[in-house]
Number of protein chains: 2
Amino acid sequence: MTDETQRPHRTRRDSGNVTLQDIAAHAGVSRSTVSLVLRESPLVAKRTREQVRRSIKALGYVYNRGAAALRATRTSTLGVVVYDIANPFFGAMVAGIDAALNREGYVSFLANSEDSPERQQRFLERMREHRVDGILLCPAEGTDPALVATLEAWKLPCVQVLRHIGTPPYDYAGTDFRQGVGLAIDHLVARGHERIAFIGGHTEHSATRERWQGYREAISRHGLGYQRLLRSTVTRRDGFEAIQQLLGESPPPTAVVCHNDLVAFGAMLGLQRQGLTPGVDCAVIGTDDVEEAALSAPALTSIATHPYAVGREAARLALRRIQTPDGAREQVVLAPQLRVRESCGASLAHDRPLAATP
Amino acid sequence: MTDETQRPHRTRRDSGNVTLQDIAAHAGVSRSTVSLVLRESPLVAKRTREQVRRSIKALGYVYNRGAAALRATRTSTLGVVVYDIANPFFGAMVAGIDAALNREGYVSFLANSEDSPERQQRFLERMREHRVDGILLCPAEGTDPALVATLEAWKLPCVQVLRHIGTPPYDYAGTDFRQGVGLAIDHLVARGHERIAFIGGHTEHSATRERWQGYREAISRHGLGYQRLLRSTVTRRDGFEAIQQLLGESPPPTAVVCHNDLVAFGAMLGLQRQGLTPGVDCAVIGTDDVEEAALSAPALTSIATHPYAVGREAARLALRRIQTPDGAREQVVLAPQLRVRESCGASLAHDRPLAATP
DNA sequence: TTCTAGTTTTGGATCAATCCAAAAACAACC
DNA sequence: GGTTGTTTTTGGATTGATCCAAAACTAGAA
């Protein structure tokens, strides 16, 4: 007797799932050929390819990416770590990432670290277990700089986004916060301001440092005698309180640049609470240019940091790194833009001058 | 000769990866035992378990979830589809999902459908290929109601969130928008309003229908003669334009309830543009209670819809469905709450009454 | 000591794909 | 017809875990 009779009949598989084997049988070719068709290999003859395609449709086959990944060691997945997904800035960034990945057939795991290095660490370990092809990381505050080296040792390509830790070279996508603050101050100085304060940022991560550096450099570049940097966390309430503190000092600033738009909104509220008008009695400039900036009253002048574009660039970088793991590390730093609106006196200044014009 | 000599030496694996095999060799047990230890099986003796744990640490083993999933048909992954991740409401919802999943060792793929049924479809097919254990779906506008049945046929557990399509029974987590609008109108009526309009919602999906239904029911429940429902998309600009249109009508409304907070912010701006004060000349109530609501000027009264909690409940439902695929479908509908602030005249009414008090 | 019952451990098959070297099919030329 | 070269196709091994039935230990009672 042949061994055919011994092994159970196998045209329809034991489990309900249709596999390459089933398609191969249906199309009268081998497993390998079907696999080649699925991967669009040019090796397969046209007639065969078409026949296999027909069988795939006929049997309602669903590609099993997990099984493929096991052998091929590519999963077409990416891990994305942000520290505050509820912040609309990150929402826009994730949208940019999603759009870029989608085009390449990649999907992404998303995690919200809530700025906790421990949560972040747990997630990264889980990503390793899932064998993601790479990581997009907005490092949580207080992340050990050694993490970048750890990921390197894990052979997990990692692109840092917005904040960066560790020492170059690393892959990074972000915005030039330093330049952004510089732009804002140049604009204010051109409008005659001489006492410009900066509000916000409470911990030493790169995105804060860069803003402060931009502030200090611009102040000294313009030879201004006044310099005032007020640390704080970066909520609306912080802006609200900070501006009132600054107004109580003598001399008070005539303009403030804020860590982000939330702080700026708070600062505007604080001015209004004191019976003052933003853009008239004190200029206010925010950072990020969130949707609400254009629609607040008065409209907020803001340094646009392009979250969608940052996300898209970060995703591109990651895909490139996955293709060439040993290529030179890259840093994509987008140029910010100043969106001038009412809150820095743009269209109100003629009514009541903010400061002596040059 | 034995076949030992024929097969290549295998203590350290060919590929760089440490596998169960390697740990087994190191600990002097079998692959199966190591697997049992990893899955915390009570079958393994304490001594053995400890020895295996030591070997796992010593060799720096990383669990391969892909390989495990192939055999066990559980991936510990979930697909999440939203239609606008840049909206802070969804940000908060995703944060809730993330927190609930994290606790159970699950991770989630996130996709942004941008309200395109085609993008949504592509993503769902990809999720199927990745063999996710379930789907959390905020259906894109215009989604074919048959999609729910399709997912059912795919044997992919699906929990709908915020919007629902198809016919019950299905799993769903959301907020009772109908009740929310009812609460708002009850409050306004109690304050003496008789002409209450509703702004926003342009397409017939469940979340819009429920709001409209709540509006019409409340109006007729209170026996009000005035009824005005203005359709629109749901951006700030829509609110801005809608309120000005309503003010031009005779009689104009004395209060408006808005589809979401963005529309409400726009409506407040529109009032201010006309030299009117929200909460004094016309009451404004929003929906969602986003962070900004409490901090706008005047502070916005809003129907809180608890996005974080909705996300958390949706995730819980999904995990439950995965455990018992044939259990009864469940609907978790959270009760909204009215957060009363200045924009509906809460603390301003004594200055200048909005309407005759009862 | 043997038998039984309970506790641990194990090897082989399996999941569904890819990889790769070798075989088969085909065409072109002497 | 035989030889060579090119294009297609193939089967067996491999990836790294889990499943499962059977084997190997224990300990306690007869």
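Just so it is clear: chains get the letters A, B, ... in the order the sequence lines come, proteins before strands, and each one is counted from 1. It should be emphasised that the depicted structure is a prediction, and the values quoted were computed from it without experimental measurement. The figures here come from the full heavy-atom set of this structure, side chains too, leaving out hydrogens, waters and symmetry mates.
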Could you tell me whether A:Arg65 contacts a base, only the sugar-phosphate backbone, or nothing, with contacts defined as non-hydrogen atoms closer than 4.0 Å?
nothing
Please tell me if [X] has a side-chain N or O lying less than 4.0 Å from either OP1 or OP2 of [N].
{"X": "B:Ser32", "N": "C:dG11", "result": "no"}
{"X": "B:Ser30", "N": "C:dT10", "result": "yes"}
{"X": "B:Thr33", "N": "C:dT10", "result": "yes"}
{"X": "A:Thr48", "N": "D:dT9", "result": "yes"}

Euclidean distance, atom [atom1] of residue [X] to atom [atom2] of [N] [Å, nearest integer]:
{"X": "A:Asn17", "N": "C:dC15", "atom1": "CG", "atom2": "P", "value": "10 Å"}
{"X": "B:His130", "N": "C:dC15", "atom1": "NE2", "atom2": "P", "value": "22 Å"}
{"X": "A:Arg39", "N": "C:dC20", "atom1": "CZ", "atom2": "P", "value": "10 Å"}
{"X": "B:Arg71", "N": "D:dT14", "atom1": "CZ", "atom2": "P", "value": "20 Å"}
{"X": "B:Asp22", "N": "D:dA17", "atom1": "CG", "atom2": "P", "value": "9 Å"}
{"X": "A:Gln21", "N": "D:dT10", "atom1": "CD", "atom2": "P", "value": "12 Å"}
{"X": "A:Arg47", "N": "D:dT7", "atom1": "CZ", "atom2": "P", "value": "19 Å"}
{"X": "B:Arg74", "N": "D:dC19", "atom1": "CZ", "atom2": "P", "value": "10 Å"}

Geometric class of the A:Tyr172/A:His164 ring pair [parallel <30°, tilted 30-60°, perpendicular >60°]
perpendicular
Q. With no angle test and no hydrogens, is the base of C:dG12 tied to the side chain of B:Arg31 by a donor-acceptor pair under 3.5 Å?
A. yes
- B:Val44 vs A:Leu36, nearer the 5' end of DNA chain C by closest nucleotide: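 The answer here is B:Val44.
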Of A:Ser35 and B:Gly28, the one whose closest nucleotide on DNA chain C sits nearer the 5' end is B:Gly28
Here's a test of your reading of the structure: between A:Leu43 and B:Gly66, which maps to the more 5' nucleotide of DNA chain D?
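The 5'-side residue here is A:Leu43.
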Review point. Do the ring centers of A:Tyr83 and A:Phe90 come within less than 6.0 Å of each other?
Key: yes
Side chain of A:Ala45: nearest nucleotide among D:dT8, C:dT8, C:dA16?
->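 It is D:dT8.
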Nearest of C:dT10, C:dT9, C:dT18 to any side-chain atom of A:Leu20?
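The nucleotide sitting nearest to the side chain is C:dT18.
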### Query
Do NZ/NE/NH1/NH2 and the carboxylate oxygens of A:Glu152 and A:Arg329 come within less than 4.0 Å?
yes
Less than 4.0 angstrom from a charged side-chain N to a carboxylate O is my criterion; do B:Glu313 and B:Arg320 meet it? no
Quick check: closest heavy atoms across A:Leu59 and A:Val18, and the distance to 0.1 Å?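 Between these two residues, the closest heavy atoms are O-CG2, 3.5 Å.
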